[in-house]
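Right, one structure below, let's go through it.
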Amino acid sequence: MTGRGRAGKGKSTREQASLDESHSRSKSRGKQSPPPDAKAKSKAVPRVRSPRGAREKEKQSPPPGTKAKINSEERSSKPRGASGQAHITKTKKKCSATSDATDSVSGGSTSPNCNGDVKPKQKMELAKNTPECKDTADTKKTSSRATGKAGSNVCALSPQRPRRAESQKAKLDKKTSCSRLDERASAKDYASAKDYASANKVLLSTLDKLKIKTSAKSDSSSIINLIVNIIIKHMKEKSEYFRDVEKLCTGSYYENVKISEPDEFDVMLAVRVDRVVLQQFDEEGAFYSVALKRTPSKNPLRCFLQEDNTLSASKMLHEFREHVKKAVESTQGVRVERKKAGCPAVTLLVMQDDMEIGLDIVLSLEVHSSWPEFTKDGFQIDSWLGTKVKKDYKSKPFYLVPKYTGKGNEERDGVSAKDAWRISFSHVEKGILTNHGQAKTCCESAGMKCCRKPCLKLLKYLLHQLKEKHPKELSKFFSYLCKTTLLHACAARPADSDWDMAGLSDCFQQLLEDFVGHLRQAQLPNFFIPTQNLLGSPFDKRRLEFLADCIERERNNGFPIFGK
């Protein structure tokens with residue numbers, strides 16, 4: 001055969017080898033069919049066995065689906081230039097991070113993932129200096145010594161078995177200790193829950209005892225209304241000065257916080273005055289002298305004006321008292337109680353069956369003017385009832401009642417103490433206690449039941465019982481202190497959920513803590529006039545501490561006084 005023929009034959013052989021190689025690669029890429037021209041060539045050229053190098057290349061081709069995962073062995077087949085040498089060094093370092101720790105255990109055998117170019121000693125040094133391999137190598141060395149298989153190629157998970165056993169034992173011990181703690185805690189919780197349930201039972205039974213029967217309410221209120229109507233009728237017909245009085249029912253009965261029996265009622269008979277000048281009488285801002293800006297000749301109050309144009313509280317109260325006495329003198333079963341020092345009310349004692357009912361008739365001035373300056377920092381109900389409710393109350397009139405002491409020795413700026421007037425917000429207090437919740441449905445049939453009023457009843461009853469037990473030490477304490485404490489507590493804890501009826505015991509304990517705190521500090525600001533301290537004179541420190549100690553004893557012993 002000529003040289004040309006041999007050359008042609010060699011060329012055909014090389015073409016056939018390249019076609020076979022491309023065909024094998026197309027199979028590994030999902031068995032794609034070769035191009036049409038390649039098929040034609042393969043049919044035209046007779047099938048020749050490919051050389052050994054081509055078959056080795058076929059073996060080195062990646063399996064299907066691993067095109068993206070080309071390993072370092074494929075890349076190492078490239079010529080070893082500068083870049084190739086750097087690539088090999090990088091590959092060796094990567095292999096040493098994962099395989100050298102295993103080599104240290106298995107006696108320094110070369111990892112199958114490396115090319116065998118790194119010596120075992122170098123691998124050991126590299127593993128020691130590699131942060132990722134330090135912990136792994138130490139762990140495997142320790143575990144291999146424990147198992148006695150230092151020369152075996154151990155799985156990476158097997159060294160963790162002894163530690164896992166230890167951790168399981170530790171977990172078991174921890175679980176046992178936790179269960180013991182849980183048992184102690186549950187026993188303590190059970191004891192506290194038992195005490196709580198017992199205290200709650202005492203308070204609920206006391207509230208049941210303090211409930212007023214509907215029939216008793218109806219009988220008492222009917223006879224009181226009858227007597228008040230008789231007095232108002234007499235004023236309109238017989239009195240020149242009080243013929244325009246208006247009735248204003250206030251006090252605990254009308255606030256629905258009366259306890260035990262309906263035996264006390266408070267009714268204000270108010271005379272309207274417009275355009276008055278208030279001059280502060282005391283430093284606390286609770287008492288004032290009242291002057292009329294205009295004194296028309298037809299004004300019925302002209303006869304009570306003094307030289308400085310201020311109204312004489314003592315003269316008005318005296319005249320008012322005389323008219324009340326005349327109004328009820330012919331009413332059977334009613335008598336007028338003697339005057340009490342410091343009490344501006346005319347007290348009537350009404351007999352009904354076997355019960356004596358006290359009715360306080362209070363003279364007052366209904367002032368249609370802005371609230372005094374001393375009230376601007378008080379009456380903090382914004383977060384409790386809202387700013388709109390606050391504005392509505394402040395747009396209404398306020399009331400002044402005589403500060404009658406029976407003594408006219410004290411004077412301020414020429415005004416006698418018996419001619420001073422005390423500011424009253426009893427109508428606002430009544431409105432607040434009637435609508436006392438943040439939600440409009442609080443304590444209604446469709447709403448949540450709160451314990452604000454029950455807590456006030458319990459506190460009033462506790463004070464009442466302690467006063468009966470210690471009349472000498474506690475005679476000067478009055479129930480208005482309890483109401484003021486509750487108002488401050490409601491402003492401090494405004495949410496209805498803070499007064500859930502289910503937590504009655506906690507709420508009452510918290511209210512007692514507030515009250516005791518006021519007693520210890522000898523400081524209880526008026527809810528409307530914060531500059532006035534209701535625990536100032538006539539209370540001394542000894543009496544305040546005595547009452548606080550009595551309350552603490554009752555708290556610590558489960559309120560034995562409620563069982564009497």
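Numbers here simply count residues along the sequence, with the first being 1.
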Taking every non-hydrogen atom, the tightest pair across [X] and [Y]:
{"X": "Val276", "Y": "Val273", "value": "CG1-CG2, 3.7 Å"}
{"X": "Leu463", "Y": "Cys482", "value": "CD2-SG, 3.7 Å"}
{"X": "Leu348", "Y": "Val324", "value": "CD2-CG1, 4.1 Å"}
{"X": "Ser369", "Y": "Phe398", "value": "O-CE2, 3.8 Å"}
{"X": "Leu524", "Y": "Leu481", "value": "CD2-O, 3.7 Å"}
{"X": "Leu466", "Y": "Leu474", "value": "O-CD1, 3.5 Å"}

Would you say that [X] contacts [Y] through its side chain, given a criterion of any heavy-atom pair below 4.5 Å between the two side chains?
{"X": "Pro494", "Y": "Gln438", "result": "yes"}
{"X": "Asn435", "Y": "Lys440", "result": "no"}
{"X": "Leu433", "Y": "Asn256", "result": "no"}
{"X": "Met268", "Y": "Ser426", "result": "yes"}
{"X": "Val328", "Y": "Ile231", "result": "yes"}
{"X": "Asp263", "Y": "Ser220", "result": "no"}
{"X": "Arg553", "Y": "Cys550", "result": "yes"}
{"X": "Leu534", "Y": "Thr484", "result": "yes"}

Next item on the list: Please report the C-alpha distance between Val346 and Val362 in whole Å, then the side-chain angles of each, then the deciding distance to 0.1 Å, and finally whether the side chain to side chain contact (heavy atoms under 4.5 Å, CB included) criterion is met.
Entry: CA-CA 6 Å; Val346 181; Val362 183; over 6 Å; no

Notebook entry, point to check: Please walk me through it: do Glu356 and Arg335 pass salt bridge (Lys or Arg N to Asp or Glu O under 4.0 Å)?
Noted result: CA-CA 11 Å; Glu356 186 176 66; Arg335 63 185 179 90; 3.4 Å; yes

Indicate yes or no for a side-chain donor-acceptor contact from [X] to the backbone of [Y] under 3.5 Å, with no hydrogens or angles considered.
{"X": "Ser239", "Y": "Phe242", "value": "yes"}
{"X": "Asn200", "Y": "Ser505", "value": "yes"}
{"X": "Thr531", "Y": "Glu284", "value": "yes"}
{"X": "Ser395", "Y": "Asp392", "value": "yes"}
{"X": "Gln280", "Y": "Phe287", "value": "no"}
{"X": "Ser205", "Y": "Val202", "value": "yes"}
{"X": "Asp500", "Y": "Ala502", "value": "yes"}
{"X": "His470", "Y": "Phe546", "value": "no"}
{"X": "Gln306", "Y": "Asp419", "value": "no"}
{"X": "Ser222", "Y": "Asp219", "value": "yes"}

Enter the distance from [X]:[atom1] to [Y]:[atom2] here, rounded to the nearest 0.5 Å.
{"X": "Thr347", "Y": "Lys340", "atom1": "OG1", "atom2": "NZ", "answer": "5.5 Å"}
{"X": "Leu365", "Y": "Leu311", "atom1": "CG", "atom2": "CG", "answer": "6.5 Å"}
{"X": "Cys343", "Y": "Leu317", "atom1": "SG", "atom2": "CG", "answer": "9.0 Å"}
{"X": "Asn556", "Y": "Glu552", "atom1": "CG", "atom2": "CD", "answer": "6.0 Å"}
{"X": "Met351", "Y": "Ile357", "atom1": "CE", "atom2": "CD1", "answer": "9.0 Å"}
{"X": "Leu385", "Y": "His436", "atom1": "CG", "atom2": "NE2", "answer": "10.0 Å"}

Margin query: Checking ring pair (Phe, Tyr, Trp, His ring centres under 6.0 Å) between Phe528 and each of Tyr393, Phe425, Tyr399, which is the one that passes?
Written below: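 The single option meeting the ring pair (Phe, Tyr, Trp, His ring centres under 6.0 Å) with Phe528 is Phe425.
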
Are [X] and [Y] an aromatic pair by the rule of ring centers under 6.0 Å?
{"X": "Phe304", "Y": "Tyr241", "value": "yes"}
{"X": "Tyr253", "Y": "Phe265", "value": "yes"}
{"X": "Phe559", "Y": "Phe508", "value": "yes"}

Next item on the list: Could you tell me whether Lys376 and Glu373 have a side-chain N and a carboxylate O separated by less than 4.0 Å?
Entry: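 Looking at Glu373 together with Lys376, the answer is yes, because their closest N to O distance falls below 4.0 Å.
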
Check: Should the pair Arg243-Glu237 be classified as a salt bridge under the 4.0 Å nitrogen-to-oxygen rule?
Finding: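 No, Arg243 and Glu237 are not salt-bridged.
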
Next item on the list: Write out all pairs satisfying side-chain hydrogen bond (donor to acceptor under 3.5 Å, both in side chains) with one or both partners inside residues 441-455, taking only residues at least two apart or from two chains.
Entry: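 Sorted pair list: Arg452-Asp496.
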
Taking only distance into account, with no hydrogens and no angle test, what donor-acceptor pairs under 3.5 Å do side-chain atoms of residues 514-522 form with protein atoms, sequence neighbours excluded?
| unit_1 | atom_1 | unit_2 | atom_2 | d |
| --- | --- | --- | --- | --- |
| Asp514 | OD1 | Gln510 | NE2 | 3.3 |
| Asp514 | OD2 | Arg493 | NH1 | 3.3 |
| Asp514 | OD2 | Arg493 | NH2 | 2.8 |
| His518 | ND1 | Gln523 | O | 3.0 |
| Arg520 | NH1 | Glu545 | OE1 | 2.4 |
| Arg520 | NH1 | Asp549 | OD1 | 3.0 |
| Arg520 | NH2 | Asp549 | OD1 | 3.1 |

Looking only at side chains, do [X] and [Y] share a donor and an acceptor under 3.5 Å apart?
{"X": "His368", "Y": "Glu366", "answer": "yes"}
{"X": "Asp382", "Y": "Thr387", "answer": "no"}
{"X": "Asp266", "Y": "Thr250", "answer": "no"}

Notebook entry, point to check: Which is it for Val267 and Asp360 under the side chain to side chain contact (heavy atoms under 4.5 Å, CB included) test, yes or no, and what are the steps along the way?
Noted result: CA-CA 6 Å; Val267 177; Asp360 287 341; over 6 Å; no

Tell me whether the count of non-hydrogen atoms from other residues, nucleotides or ligands lying under 6.0 Å of [atom1] in [X] goes above 12.
{"X": "Glu246", "atom1": "CD", "result": "no"}
{"X": "Lys236", "atom1": "NZ", "result": "yes"}
{"X": "Lys541", "atom1": "NZ", "result": "yes"}
{"X": "His234", "atom1": "NE2", "result": "yes"}

Checklist line | Test side chain to side chain contact (heavy atoms under 4.5 Å, CB included) applied to Trp421 and Ser364, step by step | finding: CA-CA 9 Å; Trp421 299 78; Ser364 64; over 6 Å; no

Next item on the list: Begin from the C-alpha positions of Thr310 and Leu305 and carry the test side chain to side chain contact (heavy atoms under 4.5 Å, CB included) through to its verdict.
Entry: CA-CA 5 Å; Thr310 59; Leu305 291 177; over 6 Å; no

Notebook entry, point to check: Please walk me through it: do Trp371 and Phe379 pass ring pair (Phe, Tyr, Trp, His ring centres under 6.0 Å)?
Noted result: CA-CA 11 Å; Trp371 284 20; Phe379 195 40; 5.6 Å; yes

Margin query: Going by the rule ring-ring contact (aromatic ring centres under 6.0 Å, His included), which residues pair with Phe539 if we only count those two or more places apart in sequence or in a different chain?
Written below: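 If we apply the ring-ring contact (aromatic ring centres under 6.0 Å, His included) test to Phe539, skipping adjacent residues, the hits are Phe477.
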
